[in-house]
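Quick notes on the structure that follows.
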Amino acid sequence: MQFRLPRGTQDRLPDDQPWWEYVTAVAQEQARRFGYGRIDTPVFEHAGLFQRGVGEGTDIVEKETYTFPDRSGEEITLRPEGTAPVCRAYLEHGMHNLPQPVRMHYFCPIFRYERPQAGRLRQHHQFGVEAIGDGDPSVDAEVIDLGWRFTQALGLKGLSLAVNSIGDPACRPDYLAALKDHYTPRLGEACPDCRMRYDRNPLRMLDCKRTDFACQDLVASAPRMTDLLCADCDDHFTKLRRYLDALGIPYFINPTLVRGLDYYTRTVFEILPPEEGAQSVVLGGGRYDGLIEQLGGRPTPGIGFGSGLERLILNVKRQEAAAPVESSAVDAVIVSLGDAAPAIAVRLASDLRQAGLSVVLAQPGRSLRGQMRHASALNARYTLVLGDAEVAAGAVQVKTMDSGEQRETPLDEVATALNRR
RNA sequence: GUGAGCGUGGCCAAGCGGUAAGGCGCCUGACUGUGGCUCAGGAGAUCGAGGGUUCGAAUCCCUUCGCUCACCCCA
């Protein structure tokens, strides 16, 4: 075979569609219930948006981005995450003049140059949500609630919600210093990656999963951000937990939960399915109070999440949480025999379609048996048989496939007959 | 980017050095106009690609591409 899918991409075949329709319908309904309107942004943006917004030092921007010059030499990047473009749109369209916070949701493809494996693709799709313009912890709770309701409504069982606070510019520097002090005397025992992170991104050391070095031990005994939050952040986190308790949403605090993008402040959270696995996070997000300002706007708080549709579907299938919607059966297949019938069949099909029915023509050259088999294989509700006798009578045999009943019906009455049943 | 396993017709899958089983699906036929069951037949792969070893390779070796899993990262 000469051409194959580019690595890490996949075709969504007709049989896959019911799953996508199901997940997006559930997402849309939850977005509607929470008052989050839809926004669509371009698939590509100026490269600078993500360099500035997501952070130069992050893996995503540093080595996972699809960036290239267009024909004018402009550096273009295929959207590697959903938040920065929405914030750009918020600024560009003066949404600070709307009632705050501005609540939006989106569905979009995401591109990251990664090594693909199950649940991790180079092009994947996210359902995302952003609430921009209000820093109150009640908004954090609302967004988490929306994410939780969404995944619950999909029918997924055994999900867990992890939350954490990673502080803000007022307290994080002090925490980072404390964290480094903790590592300094035993830095030689940490893995090479953590030794690198020590300088470049200490927070990420908490995320280390290696067991062949002292990392796990170091992480377990490390100071916790939640113990060193400044008064404002601590208050924020306390209120958030109160709201979550009031909502009755089960959660646990994971003090080692950090996010890979630079713009996060205070609240971060993830929803995980019960099965263990590397690519398990099904929904993740957090607060990004500094992002809008980084993009050139006035200081504006925001919070949101992204949720990977492919991973969600993977889990829905694995748990058999929802049966795929009945495969798209057609209303009628038209079977024609003889010389005159095919032309009349074509016209009949056209008329029925205009009456709102889904109609497929069986191949006229095939035997009656063959055409009937085809109708059966397509799961048709009715088969319309049109042969010389019917042509002469100006009628068609309408066969109900389930019952096998068949009756002759005048051509001009077929549409109403089928619509009625 | 690192490591490991795998790659046979549309799908699943035998064969593991002598020149490609089987199943599903598809098509045809079984009183010349009636399907879903059954039966019979048919089309369809040179074994991911390229190179090498050998008298001979899907079966051994190398390279490459892809898939899967773990690391990493994240949705």
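All values below were derived from every heavy atom in this structure, side-chain atoms included, with hydrogens, water molecules and symmetry-related copies excluded.
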Go nucleotide by nucleotide along RNA chain B from the 5' end; which of A:Ser367 and A:Ser307 gets its closest nucleotide reached first? A:Ser367
Sticking with atom C1', work out how far B:A58 lies from B:C16, rounded to a whole angstrom. 9 Å
Length of the CZ-C1' vector between A:Arg79 and B:A75, whole Å: 14 Å
Classify the nucleic acid contact of A:Leu312 as base, sugar-phosphate or nothing, counting any heavy atom under 4.0 Å across all strands shown. nothing
Would you say the base of B:G35 stacks on A:His374 (centre-to-centre below 5.5 Å, plane angle below 30°)? no
Selection from B:C74, B:C73, B:A30 that lies nearest to any side-chain heavy atom of A:Val281: B:C74
Hunt down the Watson-Crick or G-U wobble partner of B:A21, both distances under 3.5 Å, from any strand shown, or write none. none
Could you tell me whether A:Leu283 contacts a base, only the sugar-phosphate backbone, or nothing, with contacts defined as non-hydrogen atoms closer than 4.0 Å? sugar-phosphate
Is a salt bridge present between A:Glu114 and A:Arg120, judged by a nitrogen-to-oxygen distance below 4.0 Å? yes
Find the distance A:Arg122:CZ to B:U68:P and express it as a whole number of Å. 12 Å
Just to be sure I understand the rule, does A:Gly404 reach a base, reach only the sugar-phosphate, or reach nothing, if contact means heavy atoms closer than 4.0 Å? base
Contact class for A:Gly285 vs. all strands (heavy atom < 4.0 Å): base, sugar-phosphate, or nothing? nothing
When rounded to whole Å, the CG to C1' distance for the pair A:Leu378 and B:C26 reads 13 Å
Distance test, side-chain N/O of A:Arg112 to OP1/OP2 of B:C73, below 4.0 Å: no
Are A:Arg120 and B:A75 close enough that a side-chain N or O sits under 4.0 Å from OP1 or OP2? no
Is a donor-acceptor pair below 3.5 Å formed from side chain A:Glu390 to base B:G33, judging by atom type as modelled? yes
Is there a Watson-Crick or G-U wobble partner for B:U28 with both distances under 3.5 Å, and which nucleotide is it? B:A40
Counting only Watson-Crick or G-U wobble pairs whose two distances fall under 3.5 Å, which nucleotide matches B:U34? none
Mate of B:A58 where both pairing distances stay under 3.5 Å, Watson-Crick or G-U: none
Whole-Å distance between B:C74 P and A:Leu314 CG? 20 Å
Testing B:U34, B:C73, B:A75 for proximity to the side chain of A:His124, the answer is B:A75
Closest-nucleotide 5' rank along RNA chain B - winner of A:Tyr113 and A:Leu386: A:Tyr113
Could one point to a donor on the side chain of A:Arg366 or the base of B:G29 with an acceptor on the other under 3.5 Å away? no
Taking the side chain as every heavy atom from C-beta outward, state whether A:Val163 and A:Glu270 have any pair of such atoms under 4.5 Å apart. no
What nucleotide among B:C26, B:C74, B:A30 has an atom nearest to a side-chain atom of A:Arg369? B:A30
Hey, are A:Asp402 and A:Thr400 close enough side-chain-wise for a donor-acceptor pair under 3.5 Å? no
Is there a donor on the side chain of A:Arg115 or the base of B:U2 sitting less than 3.5 Å from an acceptor on the other? yes
Taking atom C1' in both B:C72 and B:A4, compute the distance separating them and give it to the nearest angstrom. 15 Å
Would you mind telling me which of B:U28, B:U34, B:C73 lies closest to the side-chain atoms of A:Lys399? B:U34
Applying the Watson-Crick and G-U wobble criteria at under 3.5 Å, what pairs with B:A45? Answer none if nothing qualifies. none
Categorize A:Gln10 for me: base, sugar-phosphate, or nothing, with a 4.0 angstrom heavy-atom threshold over every strand shown. nothing
Determine the contact category for A:Gln406: base if any of its heavy atoms lies under 4.0 Å from a base atom, sugar-phosphate if only primed atoms, P, OP1 or OP2 are that close, otherwise nothing. base
Indicate, with a heavy-atom threshold strictly under 4.0 Å, whether A:Ala389 touches base, sugar-phosphate, or nothing. base
Whole-Å P distance, B:C26 and B:C37: 9 Å
Could you check how far CD of A:Glu270 sits from C1' of B:A75, rounded to whole Å? 10 Å
Which atoms form the tightest heavy-atom contact between A:Gln100 and A:Gly133, and what is the distance? OE1-CA, 3.3 Å
Does the ring of A:Tyr198 carry A:Lys180 above it, NZ/CZ under 6.0 angstrom from centre and within 45° of its axis? yes
Short side-chain donor-acceptor distance under 3.5 Å, A:Ser165 and A:Thr226: no
Side chains of A:His182 and A:Ser221: donor-acceptor distance under 3.5 Å anywhere? yes
Using the P atom on both, measure B:C60 against B:A14 and round to a whole Å. 15 Å
With rounding to whole Å, what would you report as the distance between B:C47 and B:U8 at their C1' atoms? 4 Å
Rounding to a whole Å, what distance do you find between A:Met401:CE and B:C37:P? 12 Å
Between B:A75, B:C73, B:G33, which nucleotide has the shortest distance from any of its atoms to the side chain of A:Gln126? B:A75
Applying a 4.0 Å non-hydrogen cut-off, can you work out what A:Thr383 is touching in the nucleic acid: base, sugar-phosphate, or nothing? nothing
Under a 3.5 Å limit on both distances, the Watson-Crick or wobble mate of B:U68 is B:A4
Quick one: is B:U34 close enough that its OP1 or OP2 comes under 4.0 Å of any side-chain N or O from A:Gln371? no
Nearest heavy-atom neighbours spanning A:Leu411 and A:Leu348: CD2-CD2, 4.0 Å
For A:Ala222 and A:Leu206, the nearest pair of non-hydrogen atoms, with its separation, is CB-CD2, 4.2 Å
Can you tell me, in whole Å, how much space there is between the P of B:G36 and that of B:C31? 13 Å
Measuring only the P atom in each nucleotide, how far is B:G29 from B:A21? A whole number of Å is fine. 27 Å
Do any side-chain nitrogens or oxygens of A:Arg7 fall under 4.0 Å of OP1 or OP2 in B:C67? yes
Euclidean distance for C1', B:C73 against B:A45 (whole angstrom): 39 Å
Rounded to the Å, how far apart are A:Ile334 CD1 and B:G35 C1'? 16 Å
Value in whole Å for how far the P atom of B:U32 lies from CG of A:Leu337: 14 Å
